[in-house]
There are 2 protein chains.
Amino acid sequence: MTRTVLIYGGVLALLVALLKYVEYRFLVRDMSMEIYIGIIAVLFTVLGIWAGPRLIKRRVIVVNPAFVLNEEALVRLGISKREHEVLELMAQGHSNQEIAEKLFVSVNTIKTHLSNLFLKLEVSRRTQAIQKAKELRLIP
Amino acid sequence: MTRTVLIYGGVLALLVALLKYVEYRFLVRDMSMEIYIGIIAVLFTVLGIWAGPRLIKRRVIVVNPAFVLNEEALVRLGISKREHEVLELMAQGHSNQEIAEKLFVSVNTIKTHLSNLFLKLEVSRRTQAIQKAKELRLIP
DNA sequence: GCATCCTTCACCCGAAAGGATGATTTATCC
DNA sequence: GGATAAATCATCCTTTCGGGTGAAGGATGC
């Protein structure tokens, strides 16, 4: 903050000096008063635009990052579409039986899918699978 | 954006008009040139500070909100310290046996804690418990 | 001192989950 | 047309979970 004010002051002083120089050398004799004032106005407006954000504390907006599926990991681990589907339902807290009913297949199929998933995720329990899948951004 | 530019232009025009007014009525006769220029500089610096952030696109910084334990929910649901501890370990993917070893108690104790937790969280599976506990911000 | 809550542990039983293996069907690719 | 991968289902067996019940020791508060 202190540093910022110093920089700001320095730039301001520099600008004033520049103006003085310009004033006595070239402009006053050749230009009308209006143009001279206009130049000053533009210069200091630009200065304000530049210095404003540096003087005023930046507002940090905390936002929950939207979920983006990590498709690269899906491919890398060789997780199929169906397996991913089962993974999502499992992570939502459904039992194998419930998942089977939702997907219109038998429980055995779900168990097979989950077995394969556990192998691919290198885990041995569904709670671990949820952990890992969240880390890898396979599920929200 | 278009609206912002219009406002900006309007304010600028207003300021110029004000300056003209001031110039011809009071100041030029009484003040030195330096002070007059100084006032212009200050005015347009302020204008720049005000208009800058409105002209330049605001940068939104996306940050993962830090985890804040919802103690109110803990009290409301009557979840004890030990139960919360077990809940955390469970959510990390540990089996009852593993949790028991980590806390130096028997598996039966862990099972009792989890049974009570399931009652308090109104769930019937550990995966559901994880879901609900995350929703309630009882665990990260 | 008594009630209450927390923590601990035990036992039983049935349901759910996990591991291994094999088989069939259906796409898809070369 | 054969190879390959995905999806489906099954069976067998073991481990883990979940539900119910009971009980004992310790801390807290009135």
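Residue numbering restarts at 1 for every chain, and letters A, B, ... go by the order of the sequence lines. In this text, all values refer to a predicted model and were calculated from it rather than measured experimentally.
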Can you measure A:L117 atom CG to C:dG18 atom C1' for me and round it to whole angstrom units? 13 Å
So which one's nearest nucleotide on DNA chain C is more toward 5', B:K111 or B:E83? B:E83
Please tell me if the side chains of B:T45 and A:T45 come closer than 4.5 Å, counting only heavy atoms from C-beta onward. no
Stepwise salt bridge (charged side-chain N to carboxylate O under 4.0 Å, His left out) check, B:E135 with B:K132: CA-CA 5 Å; B:E135 276 172 24; B:K132 195 129 188 187; over 6 Å; no
Any side-chain N or O of A:H113 less than 4.0 Å from the OP1 or OP2 oxygen of D:dT8? yes
Taking atom P of C:dG19 as reference, at what distance in whole Å does atom CG of A:L121 sit? 12 Å
Should B:R82 be listed as having a side-chain N or O under 4.0 Å from OP1 or OP2 of C:dT8? yes
Does A:S124 place a side-chain N or O at less than 4.0 Å from the phosphate oxygens OP1/OP2 of C:dG18? no
Would you kindly give the CG-to-P distance between B:L114 and D:dG20, to the nearest whole Å? 15 Å
If every non-hydrogen atom of B:E83 is compared with every non-hydrogen atom of B:L117, which pair is closest and at what distance? O-CD1, 3.3 Å
Under 4.0 Å, heavy atoms only, any strand: does B:S106 hit a base, just the sugar-phosphate, or nothing? sugar-phosphate
Starting from the 5' end of DNA chain C, give me the residue, A:T112 or A:Q97, whose nearest nucleotide shows up first. A:Q97
Round to the nearest Å and state the distance from A:N116 atom CG to D:dA7 atom P. 10 Å
Does a side-chain N or O from B:R125 land closer than 4.0 Å to OP1 or OP2 of C:dA16, or not? no
To the nearest Å, give me how far apart CG (B:L103) and P (C:dT8) are. 8 Å
Nearest-Å distance, CZ (A:R126) to C1' (D:dG18)? 13 Å
Are OP1 or OP2 of D:dC9 and a side-chain N or O of A:N108 less than 4.0 angstrom apart? no
Below 4.5 Å, heavy atoms only, C-beta onward: do A:F118 and A:Q128 meet side chain to side chain? no
Please give, in whole Å, the distance from D:dC17 P to B:L89 CG? 13 Å
What's the closest nucleotide to the side chain of A:K81 if the choices are C:dG19, D:dA7, D:dG18? D:dA7
Rounded to the nearest Å, what distance is computed from the CD atom of residue A:E85 to the P atom of nucleotide D:dA6? 15 Å
Any A:S80 side-chain N or O less than 4.0 Å from OP1/OP2 of D:dA7: yes
Test item: A:R125 and B:E98 side chains (from C-beta on) under 4.5 Å apart, heavy atoms: yes
Are any of A:N96's side-chain N or O atoms less than 4.0 Å away from OP1 or OP2 of C:dA17? yes
